[in-house]
Amino acid sequence: MRFLGINAIFHDPAAALVADGRIVAAAEEERFSRRKHGKRPVPFSAWELPEQAAAWCLREAGLHPEDLDAVAYSYDPSLVRQRPDGDWEDLRTRYAVRVPNFLATALPGLDPARVRYVPHHVAHAASAGLASPYRDCAVLVCDGRGENVSHLAGRYRDGELEVLAAQELPHSLGLMYEDVTEHLGFLRSCDEYKVMALASYGRPRHLESLREFVRTTGDGGFCTDPVDWNTYAKALPRGAPWTADHADLAASVQARLEEVLLELIGWLHERTGERRLALAGGVALNCVANSRLLAEGPFEEMWVQPAAGDSGTALGGALHLAQAYGEPAAPMPGADLGRGFTDEELGAWLDVARVPYSRPADLAAAVAAELAADRIVAWFQGRSEYGPRALGRRSLLAHPGFPYNTERLNDVKGREQFRPIAPMVLDSRAAEIFGRGPVPSPYMLFVHDVHPDWRERIPAVVHVDGTARIQTVSPASDPLLASMLAHFEARTGLPVVVNTSLNTAGRPMVDDPRDALECFGSSPVEVLALGPYLVRRGQVFAS
């Protein structure tokens with residue numbers, strides 16, 4: 001059977017396809033439209049569907065819209081309580097009610113009767129529990145909002161979800177974090193990760209005060225009372241420089257979020273007795289909190305959906321329908337569920353661009369040599385990632401041994417200098433360099449402490465608090481990347497390479513060859529590894 005999942009109602013529109021018991025494809029619309037996050041999360045944008053992502057998913061599976069058994073839409077308008085007249089929020093509901101016909105227009109041949117509404121947080125839960133390697137597990141979803149709630153706590157048993165708690169709006173940990181994101185001069189529903197990074201520069205000196213406003217309720221839920229953030233630090237205009245007061249506010253909010261999440265999973269563990277926990281929802285992208293939950297919480301194992309934000313509800317909706325129709329899909333095989341290109345297609349792009357290139361006999365060794373010479377490499381290999389993390393498919397790579405490479409890469413990408421860059425490392429070597437977080441950690445969803453002996457050896461990837469958000473690489477799942485890491489260590493003695501996303505500020509991650517060539521041509525990156533081909537900037541200038 002064939003199930004297409006659609007996320008569109010808030011932000012990060014995406015599509016995913018589950019067919020014949022496996023996850024075939026998943027992609028975010030931003031990778032096609034080249035518009036960051038696909039759209040802004042306002043009611044006026046609710047009509048925008050992931051048309052290109054959905055069409056690509058069908059092509060990837062060799063299907064037509066009429067071949068689909070059902071389509072999951074990750075929002076159920078029947079659950080929304082009526083808003084007061086004149087509230088623009090009502091636009092979301094009006095659109096969602098009519099979405100079967102809109103989808104049929106976007107995908108000619110689709111029968112509108114095959115569209116099924118999946119509650120937003122159920123879709124999030126399925127993206128975690130059903131995509132995880134666990135058959136039975138507890139599941140926690142925390143985000144900004146769904147139809148009427150902002151949180152779900154439950155468990156999966158043999159693929160069936162039991163909901164144990166759900167927090168009604170307006171109380172929301174995600175919206176609280178969005179509020180402080182905006183207060184600190186960043187873009188809400190977009191830049192929350194910047195608050196997490198800024199928190200490492202501050203002290204949580206307002207933690208006791210925030211405990212009065214943000215607290216658990218003892219029944220699996222929580223309360224978030226309105227906070228006057230100006231009490232702690234004056235609001236920053238967009239792009240204005242931050243001060244110690246702003247860093248302290250970020251640190252305080254981050255610390256209180258972690259405390260509340262610990263209390264929530266403590267309650268969930270008491271109710272379920274499960275050993276394993278799966279996480280989804282935008283809050284689950286907070287890798288600092290995730291590490292604390294694993295280190296201090298009661299669960300022995302944790303799995304976090306790589307596309308934990310709203311884009312992941314497209315996959316969760318499709319998985320939920322597959323389970324409901326009696327054809328559950330296998331767990332998520334990896335995050336590389338997006339577009340890929342043949343060597344011939346990549347070579348043709350280079351020919352059209354009239355870019356001189358070579359095809360090394362050993363690409364991994366050639367790239368390792370460029371990195372060892374302290375050159376920045378744009379790395380474009382295989383199928384693109386589903387979710388916000390660059391995981392060695394669409395990445396910028398650099399030498400970790402030079403402290404200036406942090407500033408250098410942030411300049412290349414045009415982003416704030418307080419933001420860290422991440423290391424990739426072979427899973428067999430990770431434990432000797434990084435502690436506290438789990439190993440393997442293939443999705444960059446936990447932070448790890450960098451062992452003191454290594455901090456001066458790989459300074460570019462060590463954050464101000466001595467941590468790093470690592471990606472472990474398995475030779476079995478990515479032999480090319482693993483080979484490159486081995487060659488780099490042979491040349492430098494360092495088993496770590498810098499990995500950050502292949503994009504510049506305000507732009508989505510590179511997805512197709514045209515994007516890669518445009519990014520390479522417009523930024524100070526010295527080398528492009530496009531499939532088996534290598535392009536060096538000196539060659540381009542010489543032509």
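For the numbers below, each heavy atom of this structure counts, side chains included, while hydrogens, waters and symmetry mates do not. Note that the coordinates shown come from a computational prediction; the quantities given were computed from them, not determined experimentally.
Ring geometry for His206 versus Tyr232: interplanar angle of 30 to 60°, hence tilted. Using cut-offs of 30° and 60° for the angle between ring planes, the Tyr75 and His120 rings count as perpendicular.
Within the cation-pi definition used here (under 6.0 Å to the ring centroid, within 45° of the axis), Arg339 qualifies as a partner of Phe32.
With contacts defined as side-chain heavy-atom distances shorter than 4.5 Å, the pair Trp303/Cys137 does not qualify.
Between Tyr201 and Trp242, the gap from one ring centroid to the other is short of 6.0 Å. Taking the ring centroids of His320 and Phe3, they lie at or beyond the 6.0 Å cut-off. Ring to ring, His151 and Phe222 are close: their centroids are under 6.0 angstrom apart. Proximity of the aromatic rings of Phe10 and His37 is defined here by a centroid distance below 6.0 angstrom, and this criterion is not met.
The pair Glu160-Arg155 fails the salt-bridge criterion, with no side-chain N (NZ, NE, NH1 or NH2) lying under 4.0 Å from an Asp/Glu carboxylate O. The residues Glu212 and Arg215 are annotated as not salt-bridged, no charged nitrogen and carboxylate oxygen being separated by less than 4.0 angstrom. Salt bridge annotation for Asp245-Arg205: present, with a cationic side-chain nitrogen under 4.0 angstrom from a carboxylate oxygen.
Across all non-hydrogen atoms, the minimal contact from Ala197 to His463 is O-NE2, 3.4 Å. For the pair Glu385 and Glu28, the tightest heavy-atom approach, listed with the atom from each and the gap, is O-OE1, 4.2 Å. Annotation for Gly220 and Leu264: closest pair O-CD2, 3.5 Å, computed over non-hydrogen atoms. The heavy-atom pair separating Ser150 from His171 by the smallest distance is OG-O, 2.7 Å. Closest approach of Glu89 and Pro43 over heavy atoms only: OE1-CG, 3.9 Å. Minimum heavy-atom separation, Arg383 to Leu337: NH2-O, 2.8 Å.
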Next item on the list: Mind running side chain to side chain donor-acceptor pair (under 3.5 Å) on Glu416 and Asn410 for me, showing each step along the way?
Entry: CA-CA 7 Å; Glu416 299 88 350; Asn410 280 331; over 6 Å; no
Margin query: Checking Ser311 against Glu30 for the side chain to side chain contact (heavy atoms under 4.5 Å, CB included) test, could you report, in this order, the C-alpha distance in whole Å, the side-chain angles of both residues, the deciding distance, and whether it holds?
Written below: CA-CA 10 Å; Ser311 64; Glu30 69 165 24; over 6 Å; no
Item checked: Full working for side chain to side chain contact (heavy atoms under 4.5 Å, CB included) between Thr224 and Leu173 -> CA-CA 7 Å; Thr224 54; Leu173 294 173; 4.0 Å; yes
Notebook entry, point to check: Does the side chain to side chain contact (heavy atoms under 4.5 Å, CB included) test come out yes or no for Leu169 and Val149, once each step is laid out?
Noted result: CA-CA 5 Å; Leu169 294 168; Val149 301; 5.7 Å; no
Item checked: Tyr177/Gln254 under side chain to side chain donor-acceptor pair (under 3.5 Å): CA gap, chis, key distance, verdict -> CA-CA 8 Å; Tyr177 212 90; Gln254 174 68 28; 2.7 Å; yes
Note to self: Assess the residue pair Phe446 and Met302 against the criterion (side chain to side chain contact (heavy atoms under 4.5 Å, CB included)); give the C-alpha distance rounded to whole Å, side-chain angles, the decisive distance to 0.1 Å, and a yes or no.
What the structure shows: CA-CA 10 Å; Phe446 297 87; Met302 273 176 53; 3.9 Å; yes
Next item on the list: Decide salt bridge (charged side-chain N to carboxylate O under 4.0 Å, His left out) for Arg275 and Glu300; before the verdict, give the C-alpha distance in whole Å, the side-chain angles of both, and the deciding distance to 0.1 Å.
Entry: CA-CA 5 Å; Arg275 296 175 46 247; Glu300 298 173 28; 3.0 Å; yes
Check: Passes ring pair (Phe, Tyr, Trp, His ring centres under 6.0 Å), Phe299 versus His269? Steps please.
Finding: CA-CA 7 Å; Phe299 290 95; His269 184 263; 5.0 Å; yes
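Proximity of a side-chain donor or acceptor of Thr272 to a complementary backbone N or O of Ala138 within less than 3.5 Å is not detected.
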